[in-house]
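In what follows, a single structure is set out as structure tokens and then discussed.
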Amino acid sequence: LCQIFTDVEGVYTADPRVVKDAVKLDEVSYDEMLELASMGSKVMQARAVEFAKKFKVTFEVRSSFNNKPGTIVKEEVESMEDVLVRGVAVDKSQTLIVVSDLPDEPDTAAKLFSALAEANVLVDMIVQNIGRKGKANMTFTIPKEDTLKAEGAVNRVFKELGGSLTSSTDIAKLSVVGVGMRSHSGVAASLFETLAEGGINIQLIGTSEIKISVAIDLEHADLGAQLAHKAFGLDRLNG
């Protein structure tokens, strides 16, 4: 067993600074840890988890300040799927970019995102609206530190395609993660209903096998995390 010492006692169901009843987990799978790390939990670097998964190294995340047990990160086992959602993460370092009045043509998206790739901009959630009158709009999120690079890349595309750009950093990405999503339905519905009851509007949605992410107003990020944590019973979760 490899031990990873950090300034926290392990992996929690949410950021304890935001969600007061967050619970330290006994164990998580590599995939859950990867998603949580990349979605804003910041407990582990995603690259380190990738290597551990590749070489099947089980490790424990624990505090460097005490001897309390931490969280075991290991290969997924069947019992892990009994837990629908294992964690909530919030990333407040996001920028929302809206590109409007693009030509509604087959190669437009390819040209736009090729330019972003050449500028080494990491694109996350993407939504393209239905074209009207030969024009289309596209919305996507990127890390806040890539904003200037993204704006430069998009403006270069505009020289060929035309269009206009608006951006906003008043955005946050809220994610719920759990390998149980692979074998259970209704997670998206529960999350959306919970946010709606809290008066929180969803702007973008992104999914994977074990994750659902939504872009919401930055001012509602902490409230969204608290509501989602309660809705999925994470205050009672252990293991």
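Computed from heavy atoms alone, side chains included, the values below leave out hydrogens, waters and symmetry copies.
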Drop me the distance from [X]'s [atom1] to [Y]'s [atom2], to the nearest 0.5 angstrom.
{"X": "Leu174", "Y": "Ile216", "atom1": "CG", "atom2": "CD1", "answer": "5.0 Å"}
{"X": "Leu112", "Y": "Leu102", "atom1": "CG", "atom2": "CG", "answer": "6.5 Å"}
{"X": "Glu60", "Y": "Asp26", "atom1": "CD", "atom2": "CG", "answer": "10.0 Å"}

Charged N to carboxylate O under 4.0 angstrom, [X] versus [Y]?
{"X": "Asp235", "Y": "Lys230", "answer": "no"}
{"X": "Asp31", "Y": "Arg86", "answer": "no"}
{"X": "Arg236", "Y": "Asp21", "answer": "no"}
{"X": "Glu9", "Y": "Arg62", "answer": "no"}
{"X": "Lys53", "Y": "Glu50", "answer": "no"}

Atom CD of Glu78 with >12 non-hydrogen neighbours under 6.0 angstrom |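 Result for CD/Glu78: open.
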Would a distance-only check, ignoring hydrogens and angles, find a side-chain to backbone donor-acceptor pair under 3.5 Å from [X] to [Y]?
{"X": "His184", "Y": "Gly180", "answer": "yes"}
{"X": "Thr13", "Y": "Val23", "answer": "yes"}
{"X": "Ser213", "Y": "Ser175", "answer": "no"}

Between Phe5 and Phe65, does the ring centroid distance fall short of 6.0 Å?
->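 Ring centres of Phe65 and Phe5 not closer than 6.0 Å.
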Keeping to residues at least two apart or across chains, list the side chain to side chain donor-acceptor pair (under 3.5 Å) pairs with something in residues 108-121.
-> Asp107-Lys111, Lys111-Glu160
Residue pair [X] / [Y], side-chain donor-acceptor N/O under 3.5 Å:
{"X": "Gln128", "Y": "Asn137", "value": "no"}
{"X": "Thr95", "Y": "Ser167", "value": "no"}
{"X": "Ser29", "Y": "Glu75", "value": "no"}
{"X": "Ser93", "Y": "Asp91", "value": "yes"}

Answer yes or no: is there a side-chain heavy-atom contact under 4.5 Å between Tyr30 and Thr58?
-> yes
Check: Glu81 and Glu76 side chains under 4.5 Å, non-hydrogen atoms = yes
